[in-house]
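Notes to accompany the following structure.
Order of the sequence lines sets the chain letters (A, B, ...), proteins ahead of strands, with each chain counted from 1.
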Amino acid sequence: MKTCYINSAVSISTQDTFDVEKLVFKPLDYSNSTVKAKYLEFKKFISPIALRRMSSAVKMGVTASQLALSKAEIEVPDAILTGTGMGCIDATETFLEAIIANNEDYLTPTAFIQSTHNTVGAQIALGLKCKSYNNTYVNGAVSFESALLDAKLCIELDEDNSILVGGIDEIGATFSDLQYKNELKDDSEIRLPKSEGAHFFGLSNIKKENSICLKSVEVLHHLKINSIETHAISILKKCGLDEVDAIITGHKNDEFDVYYESLLENTFQNTTQIAYKDVVGDYFTVSGFAVFLAQYMLINQTIPEGLTVKQNKAKPFKTILLYNQEQGQNHSFILISTC
Amino acid sequence: MSLQLELKEKIIELLNLEDIAVEDIDNSDALFGDGLGLDSIDALELIVMLDKDYGIKLTNPNDGKAIFQSIDVLANYIKTHRTK
């Protein structure tokens with residue numbers, strides 16, 4: 001079985017994360033229930049003719065993918081695998097609103113074409129003229145992880161040599177607000193804003209200068225709260241490890257944070273613990289940011305400023321475990337390490 | 001507002017031509033090909049716009065080639081055929 005290397009990691013998020021040498025995070029704006037990503041000058045990356053039809057998810061995804069391929073020295077990948085929770089929700093909203101406004105008549109093609117969940121993966125393939133395996137996972141909070149798992153298996157089983165993997169989500173004009181109102185119920189305090197972003201990675205079976213190893217990806221729909229620690233330990237054991245140097249968790253400042261606490265209170269209580277959603281907000285594929293962050297930490301051997309860190313042991317980072325869940329379901333564990 | 005100006009504003013907004021202003025479009029400029037560079041998806045958007053805003057139903061999309069030659073040609077066609 002071949003080793004799966006992550007040879008590049010690119011992030012577009014609410015912070016300055018795109019193609020920067022040093023990551024420094026600023027506090028997220030909690031005055032609104034939604035926070036947009038920091039949009040780039042997309043004209044530098046995408047032709048104006050293509051750009052005018054693209055929603056922000058497509059713009060972010062296509063741009064991030066270009067840099068991920070370039071950094072990984074991949075011209076045309078053997079597969080393009082994307083994950084998205086809501087797909088191109090903005091175009092979907094536009095299309096659905098047009099249906100209502102025009103009494104199911106006068107339906108225009110652009111929003112319909114752009115509204116499908118696989119638009120980002122398709123646009124990347126079109127731009128590269130790549131006719132290889134192309135799949136988009138739409139599995140809620142484990143959409144990105146599902147794409148990553150597929151890529152890992154393809155590399156390990158020698159089906160593909162190089163794969164582009166990404167997670168993308170955008171904020172729609174209406175849906176995110178409705179989603180937030182539903183979650184808040186009677187509590188009017190904004191615990192964590194909804195946000196958006198795109199994270200792309202160049203994976204390969206060839207080790208390069210700044211490669212890190214993707215050791216394990218596990219996705220579980222159900223996991224009892226008292227089984228989380230045991231499960232995490234079993235993942236480490238399968239990879240020949242007794243401990244990790246850091247754990248990155250998806251704390252959201254809500255009642256489901258107890259799942260993270262159950263992982264961190266015993267075996268891993270003295271492990272460096274990092275939470276990240278308080279600086280980038282929340283969306284279905286935000287775990288892509290966690291992988292980007294872990295890759296940065298392993299390569300630069302430092303934790304970026306502005307993150308919530310507990311038990312910082314200030315020792316070299318060789319292995320990092322990522323754990324995320326959404327409302328007590330859709331648990332994901334990702335283990336990465338230096339090579 | 002002249003119909004030509006109205007059409008230019010609608011086309012810019014409808015087709016999301018972010019970098020183009022009304023002044024950039026000459027009434028005789030080709031809308032497709034070497035002119036504004038519109039394509040077949042834009043043609044479908046324009047066909048829907050004709051139906052929705054002017055009550056003109058193009059049953060044969062190929063008719064669009066002649067009708068969408070330029071702003072002047074389009075405006076003349078609308079003046080002759082509009083039902084609203």
Could you look at I47(B) and say if it's the side chain, the backbone, both or neither that has a heavy atom under 4.5 Å from chain A? neither

D51(B) portion near chain A, given a 4.5 angstrom heavy-atom threshold: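 Answer is both: backbone and side chain atoms of D51(B) are under 4.5 Å from chain A.
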
Under 4.5 Å between any side-chain heavy atoms of T110(A) and I41(B), yes or no? yes

If you count heavy atoms of other groups shown closer than 6.0 angstrom to [atom1] of [X], is the number above 12?
{"X": "K22(A)", "atom1": "NZ", "value": "no"}
{"X": "K10(B)", "atom1": "NZ", "value": "yes"}
{"X": "F112(A)", "atom1": "CZ", "value": "no"}

Worked verdict on K43(A) versus D19(B) for salt bridge (charged side-chain N to carboxylate O under 4.0 Å, His left out): CA-CA 11 Å; K43(A) 288 174 195 167; D19(B) 292 336; 3.2 Å; yes

Polar side-chain atom of E45(B) near backbone of T108(A) as donor-acceptor pair, under 3.5 Å: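 Answer holds: no.
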
Would you confirm whether N16(B), through its side chain, and R52(A), through its main-chain N or O, come within 3.5 Å as a donor-acceptor pair? yes

Here the gap from Y106(A) atom OH to D53(B) atom CG, rounded to the nearest 0.5 Å, amounts to 8.5 Å

Just give me the residue among L17(B), D42(B), L44(B), L15(B) that pairs up with chain A most often, heavy atom to heavy atom, under 4.5 Å.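 Most heavy-atom pairs under 4.5 Å with chain A: D42(B).
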
Would you mind telling me which of L51(A), I49(A), N102(A) has the largest number of heavy-atom pairs within less than 4.5 Å of chain B?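 Option with the greatest count: N102(A).
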
